[in-house]
Amino acid sequence: MQIHKKNSLFALSCAVFVTASSCFGGSPFVIDVATSGPGAPPEIVVGASNLKNFLNDLINAQGQYGAISGFAYAEKTTFLGVGNAITFTGNSPGTTVTLAIPVIGFSQTFTGATRSDVETQIHDFIKQNGNNVWAAFLSALAKQSPNAVTDGNPNAATGTMANSTFLAEGFTPVDEILPEDPMSSPRLSGFGLGFDAGQFTAAGLSGQLVDFAIPARWKLSDKVGLTLNIPFDYMTLEGAKIYGTGFNLAVPIRLESMNKEKPLNWRVTPLLGTAARASPDLASGVALWQIGLSNSLDYRVNSKLVVCMVNQLTDYHSFKVSYGGYSFDPEVKQLILKDGLRVVSPLTQRLIGSFFVLDSRFLNQAAVKQFTTVGGSLAYHVTKTMDLQLAANYDTGTAFKSWTVGLASAWKY
């Protein structure tokens, strides 16, 4: 069915069956079902946030799809903004259904004695072939959708992991470049807690995000340290829920240390980590490992200004995971480059302000190839061993905008 031949029917269907926001893509999935035959009901266009529930209702002709029972149908799904991503066609009794995924050139027909039998066959097929078919679909989706869960955008598993390691390791802690007591060595061991929350819009869809992090660092010598960061994140996308966590290790190596006589601070930091991101609602998930390197140069212009340049290159690869009978690897292979410029200045004896601009680029195929982040923070020395920090960031890229605010605390020893 050609959309341009159905403009009036499409508008009428939207008005009857769903809200205007669903008609224009305000849902993770927008489903368009057309039936044929004498007495066929009007075209049905609905929005959904759970793929499994929608499939069950469609194949079994129940719920909001009860009207298609007894009619042949053709269905097409817009998946996270990617049009015609998945299609279903079925005969009038619902005993023969063809599943097609045009974005990867896949099509297969399932035939059973009943609608329920066909549904079981489709679920079994995805379980048995998930590492080939569904994984290939998720890989293709990451190259086209700014809302993909696995890769290709700032909120995807790779983008979130790169941001977490950059903020934890790229920016030198302010107490190392502007210590409260310039006559003493900075405290290089400690632990902290961090919390961020915000909102985003991407390709017409919007959502909220929250992340919580537990960083810790240890001084191994005057030149070498060890840091650990455990992030947890939670997102909603138009009703769909997405969960993530990770485990990152880093070894900051101080090649030059800023002191009263030397204005330069230089450190390189090898990075290693793993992360997982999953959304049962969106039938998407990934497990990743990461390796990378961060380079930080901090130069003290005068007692009131430090200029910092930070670069980070990280490499991400997914690996096969199994859960609930499903097993797949969404074939993530991504490189992310981040280049940032930061200025830090003491506003009072205990209050330090900073501002930064950051350019981020996905070097392999991605829906959002590049985005820019501007942000700032205020760090307050509560005591000689405790800091509080308030921060805010704003991201903008192709079909993507996001803002976050956060509060962090750190204890040093």
Side-chain angles (χ1 to χ4, degrees), residues 154 162-182 184-188 190 192 194 196 213 215 217 219 222-225 227 229 248 250-271 292-314 336-361 370-381 387-395 404-406 408 410 412:
N163 186 64
S164 177
T165 54
F166 185 88
L167 294 178
E169 306 302 336
F171 288 153
T172 305
V174 293
D175 58 298
E176 289 188 38
I177 53 179
L178 288 172
E180 186 177 359
D181 182 1
S184 64
S185 299
R187 298 174 184 267
L188 300 179
D196 293 277
R217 52 179 175 155
K219 176 182 176 180
D222 289 338
K223 296 290 185 179
V224 181
T227 65
N229 188 38
N248 302 314
V251 181
I253 302 169
R254 292 156 60 93
L255 302 179
E256 294 286 345
S257 299
M258 187 183 295
N259 55 38
K260 188 176 180 180
E261 290 77 27
K262 297 169 81 173
L264 181 65
N265 196 74
W266 180 22
R267 69 175 189 171
V268 294
T269 307
L271 308 164
L293 185 70
S294 177
N295 179 73
S296 305
L297 284 171
D298 311 305
Y299 183 79
R300 186 179 63 233
V301 179
N302 54 51
S303 62
K304 294 296 183 179
L305 179 64
V306 176
V307 178
C308 315
M309 182 181 72
V310 188
N311 314 99
Q312 177 180 283
L313 179 65
T314 43
I336 298 179
L337 175 66
K338 288 180 174 285
D339 298 300
L341 182 66
R342 179 194 190 199
V343 292
V344 184
S345 177
L347 304 178
T348 69
Q349 185 176 0
R350 292 193 173 189
L351 185 65
I352 298 175
S354 70
F355 175 81
F356 72 88
V357 179
L358 171 63
D359 177 81
S360 300
R361 297 177 185 266
Q370 183 273 341
F371 64 97
T372 302
T373 306
V374 294
S377 68
L378 291 172
Y380 183 72
H381 293 309
D387 289 345
L388 286 177
Q389 179 174 278
L390 179 66
N393 297 340
Y394 178 76
D395 301 310
T404 60
V405 294
K412 298 164 287 184

#### Entry: salt bridge (charged side-chain N to carboxylate O under 4.0 Å, His left out) partners for K338, two or more places apart
none
#### Entry: side-chain hydrogen bond (donor to acceptor under 3.5 Å, both in side chains) against S354, all qualifying residues, sequence neighbours excluded
S377
### Residues which pass side-chain hydrogen bond (donor to acceptor under 3.5 Å, both in side chains) with T314, listed by chain and number, not counting sequence neighbours
Y316
### Task
Return the set of residues passing side-chain contact (heavy atoms from CB on, under 4.5 Å) with Y380 (not counting sequence neighbours), or none when no residue passes.
R350, L351, V382
#### Entry: Axial cation check for F171 ring with R342, 6.0 Å and 45° limits
yes
### Message
Applying salt bridge (charged side-chain N to carboxylate O under 4.0 Å, His left out), can you list everything that pairs with D395, at least two apart in sequence or on another chain?
### Response
none
### Task
With sequence neighbours left out, write down each residue that passes side-chain hydrogen bond (donor to acceptor under 3.5 Å, both in side chains) with N302, or none if nothing qualifies.
none
### Summary
Taken in chain and number order and not counting sequence neighbours, the residues that satisfy side-chain contact (heavy atoms from CB on, under 4.5 Å) with S294 are T269, L271, S296, V310, Q312
#### Entry: Under the salt bridge (charged side-chain N to carboxylate O under 4.0 Å, His left out) test, residues paired with D339 that sit two or more places apart
none
### Message
Can you list everything that forms a ring-ring contact (aromatic ring centres under 6.0 Å, His included) with F371? Sequence neighbours excluded, please.
### Response
none
### Task
Could you list the residues that satisfy side-chain contact (heavy atoms from CB on, under 4.5 Å) with V307, not counting sequence neighbours?
V301, L305, L341, V343
### Task
Kindly write out the residues that satisfy side-chain hydrogen bond (donor to acceptor under 3.5 Å, both in side chains) with Q370, not counting sequence neighbours, or none if the list is empty.
D359, T372
### Pairing residues for R300 by the salt bridge (charged side-chain N to carboxylate O under 4.0 Å, His left out) criterion, not counting sequence neighbours
none
